[in-house]
Amino acid sequence: MISKEVTKQREKQDALDGRYLRMARIWAENSYCKRRQVGALVVKNKMIISDGYNGTPSGFENVCEDENNLTKPYVLHAEANAITKLARSHNNSDGATLYVTASPCIECAKLIIQSGIKRVVYGNSYRLDDGIKLLQRAGIEILHKEIESEDNEKRK
């Protein structure tokens, strides 16, 4: 039988997961990409230690798609931007949670594994699930959670 304390902790974590995921969605609005805007937050000890959104590398023009509306090959994913931003800071992501609006691709999954992130909460499913499968194989906790609107959260 699950104690009331454990149930209460799970409810608190669920509420935090929803809030951070909504924040990642808002952060995605910074992306100049037209086809899909993705946002990511790295959270450790209830503190946001990094953030990212999909876009071009620093110093490049903020145009993600080519003339055929295909994503340019050098566009960085939100997760990669958040993780590489950590490399330039004094923080580390050991044991952290990554909140991302779309499930990670396999390339981002590799970065997540190597960065020490232990938990991934994502909103929308990407058309390929090889990234999720790799994360599961690495023992990283995965949670697919619909991104709720603020109105839905307030009704709870």
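We use all heavy atoms of the structure for the numbers below, so side chains are in, but hydrogens, waters and symmetry mates are not.
Here Asp94 does not pair with Lys44 in a salt bridge; the nearest charged N to carboxylate O distance is not below 4.0 Å. For Asp17 and Arg119, the salt-bridge test passes: some basic side-chain N is under 4.0 Å from an acidic carboxylate O. By the 4.0 Å N-to-carboxylate-O rule, Lys8 lies too far from Glu5 to be salt-bridged with it. Comment: Glu148 does not engage Arg25 in a salt bridge, judged by the lack of any side-chain N to carboxylate O separation of less than 4.0 angstrom.
The hydrophobic clustering, which links ILVMFWY residues whose side-chain heavy atoms are closer than 4.5 Å, places Leu134 and Leu111 together. Using a 4.5 Å cut-off between side-chain heavy atoms of Ile, Leu, Val, Met, Phe, Trp and Tyr, with links allowed through other members, Tyr99 and Ile113 fall into different hydrophobic clusters. When the side chains of ILVMFWY residues are joined at heavy-atom separations under 4.5 Å, either directly or via intervening members, Val43 and Val100 end up in two distinct hydrophobic clusters. Residue Leu21 is grouped with residue Ile48 when hydrophobic side chains (ILVMFWY) are merged at heavy-atom distances under 4.5 angstrom, including chains of intermediate members. Residues Ile140 and Tyr126 do not share a hydrophobic cluster, defined by chaining ILVMFWY side chains whose heavy atoms lie under 4.5 Å apart.
In plain terms, the two heavy atoms of Cys108 and Glu79 that are nearest each other are SG-OE1, 3.6 Å. For the pair Pro104 and Ala109, the tightest heavy-atom approach, listed with the atom from each and the gap, is CB-N, 4.4 Å.
Counting only distance, with no hydrogens or angles, the side chain of His144 and the backbone of Gly123 share a donor-acceptor pair below 3.5 Å. In terms of modelled atom types and a separation under 3.5 Å, the side chain of Asp66 and the main chain of Asn68 share a donor-acceptor contact. Between the Tyr20 side chain and the Lys46 main chain, a donor and an acceptor come within less than 3.5 Å of each other. Within the 3.5 Å criterion, the main-chain N or O of Gly39 finds a donor-acceptor partner in the side chain of Thr101. The main-chain N or O of Ala96 is never found under 3.5 Å from a side-chain atom of Ser93 such that the two would form a donor-acceptor pair. In this structure a side-chain-to-backbone donor-acceptor pair under 3.5 Å is present from Ser50 to Ala82.
Atom CG of Leu135 and atom CD1 of Ile117 lie 9.5 Å apart (nearest 0.5 Å). One distance of note links CG of Leu86 with CG of Asn81; it measures 11.5 Å at 0.5 Å rounding. Between Ser115 atom OG and Asn92 atom CG the span is 9.5 Å, to the nearest 0.5 Å. Cys105 contributes atom SG, which lies 8.0 Å from atom CD1 of Ile112 (distance to the nearest 0.5 angstrom). Annotation: the span from Lys4 atom NZ to Gln9 atom CD amounts to 15.0 Å, rounded to 0.5 Å. Taken to the nearest 0.5 Å, the CG atom of Asp51 stands 4.5 Å off from the CH2 atom of Trp27.
Surrounding CD of Gln114 are at most 12 heavy atoms belonging to other residues, nucleotides or ligands under 6.0 Å away. Dense packing is recorded around NZ of Lys72, with more than 12 heavy atoms of other residues, nucleotides or ligands lying under 6.0 Å away.
Two residues are said to be in side-chain contact when any heavy atoms from C-beta on lie closer than 4.5 Å; Thr71 and Cys33 fail this criterion. Side-chain contact between Lys34 and Val63 is absent, with no heavy-atom pair separated by less than 4.5 Å.
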Next on the checklist: Go through it in stages, so that I can follow the logic: the residues are Leu98 and Leu41, the test is side-chain contact (heavy atoms from CB on, under 4.5 Å), and I'd like the CA-CA distance, side-chain angles, deciding distance and then a yes or no.
Outcome noted: CA-CA 6 Å; Leu98 173 73; Leu41 298 176; over 6 Å; no
Checklist entry - Are Glu65 and Arg35 close enough, and set up right, to give a side-chain contact (heavy atoms from CB on, under 4.5 Å), and what steps lead you there? => result CA-CA 8 Å; Glu65 293 83 12; Arg35 291 181 61 215; 3.7 Å; yes
Checklist entry - side-chain contact (heavy atoms from CB on, under 4.5 Å) between Thr97 and Val121: does it pass, once the steps are laid out? => result CA-CA 7 Å; Thr97 297; Val121 179; 4.0 Å; yes
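Considering Thr56, Asn54, Asn62 as possible partners of Ser31, the one that fulfils the side chain to side chain donor-acceptor pair (under 3.5 Å) test is Asn54.
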